[in-house]
K.L.:
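Would you mind keeping the following structure in view while I ask a few things?
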Amino acid sequence: MNIFLTRKIPQAGLQLLEQSGHTITIWEEKRDLLPSELIDFCLKNDALLSAGPSKIDAAFLEACKHLKVIALHSVGFDQVDIAAATALRIPIGNTPGVLSDATADTAFLLMLATSRKAFSEHKRILEGNWGFFEPTAGLGIEIKGKTLGVFGLGSIGFEMARKCVGAYGMKVIYHNRGNNLKAEQELGAVKVSFDELLAQSDILTVHTALTPETKGLFDIGVFKKMKPGSIFINTARGAIHNEADLIQALEQKLIWGAGLDVTNPEPMDPSNVLLSMPNVAVLPHIGSATVETRNAMSVIAARNILAGLAGERLPFVVNEEIYANLKLEVKN
Ligand code: DGY
């Protein structure tokens with residue numbers, strides 16, 4: 001059978017696909033595929049491995065309903081119309097778990113970089129402005145003993161909280177729909193209301209999925225409720241915060257600073273005012289970008305593809321419900 005990859009993936013996963021005997025086609029150009037190009041390629045293939053931002057929307061799915069499986073090279077699946085895929089009985093695979101540690105590392109990195117103005121201080125050297133020592137210049141704030149607020153305490157949020165408790169003895173509060181008993185037992189995390197999270201967090205870190213409920217949630221009204229002097233971290237999805245409102249909150253010093261691994265849109269325009277703010281650290285969506293994690297993600301994505309092509313249940317499937325009726329399990 002034929003497999004289309006929207007990007008070259010790490011060798012660990014690629015090798016599994018190559019050894020499977022299926023025919024592989026990889027999009028090698030250094031640009032995103034146009035929607036029409038994606039459809040054209042998929043019409044000639046039985047499976048799609050999608051790495052990157054390609055929209056897997058209802059129109060695409062309708063045009064490519066022959067696909068036996070779509071495997072994402074990401075844990076997030078907000079780019080996919082899951083309901084449409086489920087209606088068409090196309091299993092969607094993702095890569096949960098393996099990237100939690102690396103993504104939490106990125107949140108931790110941004111927390112420190114923001115609190116110590118690391119990116120702007122580095123820029124000062126590049127610009128020839130090291131200058132002379134001033135006891136009152138370039139001062140950051142310390143993290144030790146402060147309160148970490150986690151919005152969306154799942155696997156990535158747990159790893160971030162674990163690092164913060166271990167490194168700085170931080171108190172952890174969180175806001176979720178359900179309770180995270182593991183975090184409560186192991187880290188002493190306390191579940192609070194959304195307003196309490198905003199009012200009490202010194203560092204507020206976002207680890208929730210992008211959904212209609214979370215889209216644009218962090219707007220000026222929400223930033224106004226955050227603790228003065230606090231830091232906002234987002235390594236989840238850029239559309240969860242309203243960027244113009246975040247800029248306003250920083251300019252009005254409603255909060256101390258912000259660390260972002262995700263922006264809206266991506267890529268961020270290089271003239272964006274956030275990039276010249278001293279208390280802001282922005283990274284180009286590198287949350288899971290380590291050799292170990294990307295290898296592990298590629299292996300999961302490849303296994304999802306191979307299982308889908310064999311008519312088997314995907315090891316990591318988003319739309320579980322397509323297996324509810326066993327008669328539907330194999331897509332003919
Ligand atoms: C993920 O896996 O969802 C990362 O954010 C990459 O998109």
Side-chain angles (χ1 to χ4, degrees), residues 72-78 93-115 143-194 196-198 200-211 213-214 217-218 226-227 230-238 240-241 258-262 281 283 285-290 292-297 299-300 315-318 320:
L72 307 174
H73 202 272
S74 64
V75 65
F77 48 84
D78 47 280
N94 70 339
T95 64
V98 290
L99 46 64
S100 300
D101 218 19
T103 307
D105 277 347
T106 304
F108 194 87
L109 164 71
L110 286 169
M111 174 179 75
L112 283 182
T114 305
S115 71
I143 302 294
K144 196 162 102 191
K146 299 231 163 118
T147 297
L148 176 77
V150 185
F151 182 65
L153 184 44
S155 168
I156 300 172
F158 181 87
E159 289 306 326
M160 171 63 169
R162 200 172 57 76
K163 291 174 207 298
C164 290
V165 170
Y168 293 115
M170 292 177 82
K171 174 181 167 194
V172 179
I173 56 176
Y174 73 100
H175 182 74
N176 268 15
R177 266 196 299 256
N179 279 67
N180 188 322
L181 294 178
K182 187 169 179 243
E184 290 180 11
Q185 280 155 12
E186 293 181 21
L187 306 175
V190 176
K191 188 176 170 192
V192 294
S193 70
F194 186 52
E196 285 169 331
L197 188 86
L198 299 175
Q200 293 173 24
S201 302
D202 294 300
I203 313 293
L204 198 156
T205 185
V206 176
H207 297 287
T208 189
L210 175 64
T211 64
E213 291 77 43
T214 61
L217 178 65
F218 284 81
M226 280 178 65
K227 188 170 177 176
S230 61
I231 291 175
F232 174 76
I233 305 288
N234 189 358
T235 55
R237 286 292 181 266
I240 294 172
H241 65 262
L260 308 174
D261 185 44
V262 288
L283 289 171
H285 203 148
I286 59 155
S288 63
T290 66
E292 296 86 347
T293 292
R294 288 283 166 84
N295 276 343
M297 290 169 74
V299 168
I300 291 182
F316 293 94
V317 65
V318 175
E320 194 66 70

K.L.:
Answer whether the closest heavy-atom distance between the side chains of Ile156 and Leu99 falls below 4.5 Å.
P.N.:
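With C-beta onward as the side chain, the pair touches.
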
K.L.:
Could you tell me if the side chain of Leu260 sits less than 4.5 Å from the side chain of His241, heavy atoms only?
P.N.:
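Yes, side chains in contact.
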
K.L.:
I'd like to know if the side chain of Thr95 reaches the main chain of Met297, judged simply by a donor and an acceptor atom lying under 3.5 Å from each other, with no hydrogens or angles considered.
P.N.:
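Such a contact is absent between Thr95 side chain and Met297 backbone.
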
K.L.:
Does Ile143 reach the side chain of Phe108, with side-chain heavy atoms less than 4.5 Å apart?
P.N.:
no

K.L.:
Between Thr290 and Ala102, which heavy-atom pair has the shortest distance, and what is it?
P.N.:
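It is CG2-CB, 4.0 Å.
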
K.L.:
Met170 vs Ile203, test: side chain to side chain contact (heavy atoms under 4.5 Å, CB included). Steps then yes/no.
P.N.:
CA-CA 10 Å; Met170 292 177 82; Ile203 313 293; 3.7 Å; yes

K.L.:
Quick one: does any side-chain atom of Lys191 pair with a main-chain N or O of Arg177 as donor and acceptor, under 3.5 Å?
P.N.:
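Indeed, once roles are kept as given, a pair shorter than 3.5 Å links the two residues.
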
K.L.:
So, Thr293 side chain and Ala289 main chain: donor-acceptor pair closer than 3.5 Å or not?
P.N.:
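Checking the backbone N and O of Ala289 against the side chain of Thr293, no donor-acceptor pair under 3.5 Å is found.
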
K.L.:
Identify the two heavy atoms, one from Gly97 and one from Ser155, that lie closest to each other, and give their separation to 0.1 Å.
P.N.:
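So the two residues come closest at CA-OG, 4.4 Å.
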
K.L.:
Would you give the length of the straight line joining atom CD1 of Ile173 to atom CG of Leu204, rounded to the nearest 0.5 angstrom?
P.N.:
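That separation rounds to 7.5 Å.
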
K.L.:
Report yes if the side chains of Met111 and Thr205 come closer than 4.5 Å at any heavy-atom pair, otherwise no.
P.N.:
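No, side chains not in contact.
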
K.L.:
Would Phe151 and Phe232 count as a side chain to side chain contact (heavy atoms under 4.5 Å, CB included) here? Give the steps.
P.N.:
CA-CA 11 Å; Phe151 182 65; Phe232 174 76; over 6 Å; no

K.L.:
Does any part of the side chain of Glu184, heavy atoms only, come nearer than 4.5 Å to the side chain of Asn179, both counted from C-beta?
P.N.:
yes

K.L.:
Closest approach of Leu110 and Ala281, non-hydrogen atoms and distance?
P.N.:
CD2-O, 3.6 Å

K.L.:
I'd like to know if the side chain of Asn234 reaches the main chain of Arg237, judged simply by a donor and an acceptor atom lying under 3.5 Å from each other, with no hydrogens or angles considered.
P.N.:
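Between the backbone of Arg237 and the side chain of Asn234 there is a qualifying donor-acceptor contact (under 3.5 Å).
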
K.L.:
Are the side chain of Ser100 and the backbone N or O of Pro96 linked by a donor-acceptor pair below 3.5 Å?
P.N.:
no

K.L.:
Might you work through the side chain to side chain contact (heavy atoms under 4.5 Å, CB included) test for Leu187 and Phe158, ending with a clear yes or no?
P.N.:
CA-CA 9 Å; Leu187 306 175; Phe158 181 87; 3.6 Å; yes

K.L.:
For Val318, does its backbone N or O pair with a side-chain atom of Asn94 as donor and acceptor, under 3.5 Å?
P.N.:
no

K.L.:
Show, in sequence, the C-alpha distance, side-chain angles and deciding distance for His175 and Glu196, and conclude whether the side chain to side chain contact (heavy atoms under 4.5 Å, CB included) test is met.
P.N.:
CA-CA 9 Å; His175 182 74; Glu196 285 169 331; over 6 Å; no

K.L.:
So, for His207 and Val150, which heavy atoms are closest and what is the spacing to 0.1 Å?
P.N.:
CD2-CG1, 3.9 Å

K.L.:
Out of curiosity, Ser74 OG to Ile300 CD1, how far, rounded to the nearest 0.5 Å?
P.N.:
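Ser74 atom OG to Ile300 atom CD1 measures 11.5 Å (nearest 0.5 Å).
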
K.L.:
My understanding is that only one of Lys144, Lys227, Lys171, Lys146 makes a salt bridge (Lys or Arg N to Asp or Glu O under 4.0 Å) with Asp202; could you say which?
P.N.:
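Testing each of Lys144, Lys227, Lys171, Lys146 against Asp202, the sole residue satisfying salt bridge (Lys or Arg N to Asp or Glu O under 4.0 Å) is Lys227.
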
K.L.:
Would you say the side chain of Ile231 lies within less than 4.5 Å of the side chain of Ser115, judging by non-hydrogen atoms?
P.N.:
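Yes. Closest side-chain heavy atoms under 4.5 Å.
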
K.L.:
Looking at Gly149 and Ser201, what are the two nearest heavy atoms and their distance?
P.N.:
CA-OG, 3.1 Å

K.L.:
Taking all non-hydrogen atoms of both residues, which atom of Val192 and which atom of Leu197 are closest, and how far apart?
P.N.:
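In terms of heavy atoms, the two residues are closest at CG2-N, 3.7 Å.
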
K.L.:
With side chains defined as the heavy atoms from C-beta onward, is the minimum distance between Leu148 and Lys163 less than 4.5 Å?
P.N.:
no

K.L.:
Quick check: does any side chain N or O of Asp261 sit under 3.5 Å from a backbone N or O of His285, one acting as donor and the other as acceptor?
P.N.:
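Judged by distance alone, yes, a pair lies under 3.5 Å.
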
K.L.:
Does a side-chain heavy-atom distance below 4.5 Å link Arg294 with Ser288?
P.N.:
yes

K.L.:
Using modelled atom types and a 3.5 Å cut-off, is there a donor and acceptor pairing between side-chain atoms of Tyr174 and backbone atoms of Gly157?
P.N.:
no

K.L.:
State the OG1-CG distance between Thr106 and Asp101, to the nearest 0.5 angstrom.
P.N.:
10.0 Å

K.L.:
Could you tell me whether a side-chain N or O of Thr214 sits under 3.5 Å from a main-chain N or O of Ala209, the two making a donor and an acceptor?
P.N.:
yes

K.L.:
Find the distance between CD (Glu159) and CG (Leu153) and round it off to the nearest 0.5 Å.
P.N.:
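These two atoms lie 10.5 Å from each other.
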
